[in-house]
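Below, chains carry the letters A, B, ... as their sequence lines are ordered, and counting in each starts from 1.
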Amino acid sequence: DAGITQSPRYKITETGRQVTLMCHQTWSHSYMFWYRQDLGHGLRLIYYSAAADITDKGEVPDGYVVSRSKTENFPLTLESATRSQTSVYFCASDGRGRPTTGDTQYFGPGTRLTVL
Amino acid sequence: RKEVEQDPGPFNVPEGATVAFNCTYSNSASQSFFWYRQDCRKEPKLLMSVYSSGNEDGRFTAQLNRASQYISLLIRDSKLSDSATYLCVVNAASGGSYIPTFGRGTSLIVHP
């Protein structure tokens, strides 16, 4: 199905473990984003990517790594998970440059990550 | 100071009421503006873009005031189903790209 998907939807892990959250979009959007959402902070940008092999830091990048070898995929890795990374993670893409979508963002359903 | 600020609310209104939210932004070079709706920490979904001339979509009206650097959302004839969190989003220049910044959201509760 067309759209933006995230996996897993729920993840429980332990402090110090490496975790990778997956994001896949079928629109061939050039821009993709990773956010975390915590009570009291709203949505905060972790990393974004303007195209394959081009990534840049957002507001809260520490402790996270991203890659984008293909336009449709934008995985987010927590190299050594900490309790403070317990959060809801949203991936998004936007269709800037396209007349029908502009720079509207489309979000995946989110991954709820708990670090014990 | 956060780049995009919203009153977190909650705004508690009866059905049929008119309610308005404001959102202020600090970057005068901001390019595009949006209102998103988020239900119970599900993914945010676009409610409407905000244009310089103002725009309306049914019961919803959005306006942009570049001089005072704020955007607004007006909801007329509130429905129970309007209960949600409304997120203000501003796209501003950052390192050659226009990157979105979200406000923390305004909570709306519509009661019978």
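Using a 4.5 Å cut-off between heavy atoms, B:Gln31 touches chain A through its side chain atoms alone. For a residue to count as touching a neighbouring chain, one of its non-hydrogen atoms must lie under 4.5 Å from one of that chain's; by this rule A:Leu43 touches chain B with backbone and side chain alike. For B:Tyr98, the parts sitting under 4.5 Å from any heavy atom of chain A are the backbone and the side chain alike.
Heavy-atom pairs under 4.5 Å with chain B peak, among A:Ala50, A:Gly110, A:Gly108, at A:Gly108. Among A:Tyr48, A:Tyr31, A:Phe107, the residue with the largest count of heavy-atom pairs under 4.5 Å with chain B is A:Phe107. Heavy-atom pairs under 4.5 Å with chain A peak, among B:Gly105, B:Pro8, B:Ser32, B:Gly103, at B:Ser32.
A:Ala92 and A:Gln105 make their closest contact through CB-OE1, 3.5 Å (heavy atoms, listed as atom of the first residue, atom of the second, distance).
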### Task
Begin with the C-alpha distance, continue with both residues' side-chain angles, and end with the deciding distance and a verdict on side-chain contact (heavy atoms from CB on, under 4.5 Å) for B:Cys88 and B:Tyr25.
CA-CA 9 Å; B:Cys88 167; B:Tyr25 61 93; over 6 Å; no

### Task
Decide salt bridge (Lys or Arg N to Asp or Glu O under 4.0 Å) for A:Asp38 and A:Arg44; before the verdict, give the C-alpha distance in whole Å, the side-chain angles of both, and the deciding distance to 0.1 Å.
CA-CA 9 Å; A:Asp38 307 286; A:Arg44 291 183 291 175; 3.0 Å; yes

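Distance alone, capped at 3.5 Å, places no donor-acceptor pair between the B:Asp82 side chain and the B:Leu108 backbone.
Residues A:Thr82 and A:Val115 have side chains not in contact (no heavy-atom distance under 4.5 Å, counting atoms from C-beta outward).
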